[in-house]
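One structure is given here, and the rest of the page talks about it.
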Amino acid sequence: MPRSASRLAGVPVAVVGGGPVGRWTALLLAQAGAVVTLYDDGSLNTGLINGGWGFAYHSHDPAVGHLATQGIELYLRMRDVVLPQGVVTEEWSTVQRASGAAPFPEGLEELEGYRRLDPADLSVNMVEGVVVHSVVVPGELLLGALAQLHKDLGVTFVREHVADPADISDVAFVVNATGLASAWLYDDREFTPSMGTVVRLRKPEGFSGVYAWDDATNCAPYAISQDATGHVVVGGTTKPVTIEQAREWVDAGSPPDMATGEFLLGHISSYLPALAKAEYVRTDTGIRPERSDIRIARDQNDARVIHATGFGGFGVTVAPAVAARVVDLVAAGVQR
């Protein structure tokens, strides 16, 4: 992917946070000609973030839904460039429309392998009033592919903890893409984090599809088939936590919640018996950095800092659209 002769040629920018938003932002900034340094200390297991859904589009939150639609459209335009040759992706949709549900991105129906699953054909209750589209791209494969593109574009990667992004010198702009860590880096009390756990299983022969439920456990359980890895990812968001508890979990090395994983596996197997005897692979736990209002804006006290945080577990989905908006904010700052 060559650099373009663009409005950001030679502008030095630091991106803090190596999750989906940070990596897409580094990519689009570098593609636009900026000189990019990406900082990430690995403390939040970014390679495992959103490893189940890949690109998933929900219509719960209009702001997130709008970013998700744009993000999927941008991803689909760049898919052949972003993903390594030979990586298999699946397009699945589970549809139960409600009034006001946002439409799918234009042209999605023409994708090879795209399927609309009729809830009437499933033996489970689909989430009421939700439109779900999932381009199943395992998160670790996608982040790895973005990292390779960074190298091709000359992005400098620094494995280092940044205590305060505003302290980074010798750059024109600093992008705060730290997700959950923004809660304590900026004492942002608008975050309402929740902990989720996923269990990876070896995919049973003949198993396929994306399933989601709205049931009495109130944990939004799901099961997702991944042809690219040969896994089924089952999980759900189960535990609201405080910012202090989230910080303690990070400081402890982000350990998996094995007890919750066992509960989810047993619960979801009651809906999908084929998973009850599937081979266990591993358990991962993460925290959704939910915020009362998503934040894509320049810092009020430091014009160099641009925040891109608070997407509540939709980082993979919204990341391309968020990155495009950050590029616009950097460009607007250059023009001042």
Side-chain angles (χ1 to χ4, degrees), residues 19-20 44-56 58 88-90 92 94 117 122-127 130 132 134-144 180 193-241 245-246 249-250 252-290 312-317:
L44 289 179
N45 295 325
T46 51
L48 302 177
I49 287 177
N50 223 336
W53 280 107
F55 286 79
H58 299 235
V88 178
T89 65
E90 300 174 87
W92 290 93
T94 3
L117 302 183
L122 301 176
S123 60
V124 297
N125 295 319
M126 306 312 301
V127 180
V130 175
V132 177
S134 186
V135 180
V136 182
V137 183
E140 58 267 41
L141 294 181
L142 179 61
L143 293 181
L180 177 64
S194 57
M195 182 175 286
T197 294
V198 300
V199 180
R200 291 178 180 270
L201 306 172
R202 198 74 62 193
K203 187 166 70 166
E205 184 176 355
F207 185 89
S208 63
V210 173
Y211 304 88
W213 299 270
D214 184 11
D215 62 16
T217 62
N218 196 32
C219 67
Y222 58 82
I224 301 153
S225 167
Q226 291 184 340
D227 273 358
T229 63
H231 293 167
V232 177
V233 179
V234 301
T237 300
T238 55
K239 294 182 179 179
V241 294
Q245 289 171 325
W249 173 78
V250 170
S254 309
D257 183 347
M258 303 302 292
T260 297
E262 291 178 7
F263 162 75
L264 287 167
L265 182 56
H267 180 66
I268 292 172
S269 295
S270 69
Y271 290 108
L272 301 170
L275 300 182
K277 298 181 179 180
E279 179 186 349
Y280 171 82
V281 177
R282 72 171 188 261
T283 300
D284 299 316
T285 294
I287 293 185
R288 294 177 180 268
E290 296 181 76
F314 287 92
V316 171
T317 309

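- For the atom pair R282 CZ and L201 CG, the distance stands at 11.5 Å (nearest 0.5 Å).
- Note: R288 CZ to K239 NZ = 15.0 Å, rounded to the nearest 0.5 Å.
- Rounded to the nearest 0.5 Å, atoms OG (S254) and CD1 (I287) are 7.5 Å apart.
- Closest heavy-atom contact between L275 and S269: C-OG, 3.8 Å.
- Within the model, atoms OH of Y280 and CZ of R202 stand 12.0 Å from one another, a figure rounded to the nearest 0.5 Å.
- Residues V241 and W249 have side chains not in contact (no heavy-atom distance under 4.5 Å, counting atoms from C-beta outward).
- When each of L264, V198, T197 is tested with T283 by the rule side chain to side chain contact (heavy atoms under 4.5 Å, CB included), just one qualifies, namely T197.
- Shown here for L272 and A223, the closest heavy-atom pair between the two residues is CD1-CB, 3.7 Å.
- Interatomic distance, M195 CE to T260 OG1, rounded to the nearest 0.5 Å: 8.5 Å.
- The distance from atom NZ of K203 to atom CD1 of I224, rounded to the nearest 0.5 Å, is 12.5 Å.
- The backbone N or O of D257 lies less than 3.5 Å from a partner atom in the side chain of T285, making a donor-acceptor pair.
- Nearest approach of P193 to A246, heavy atoms of both residues: CG-CB, 4.4 Å.
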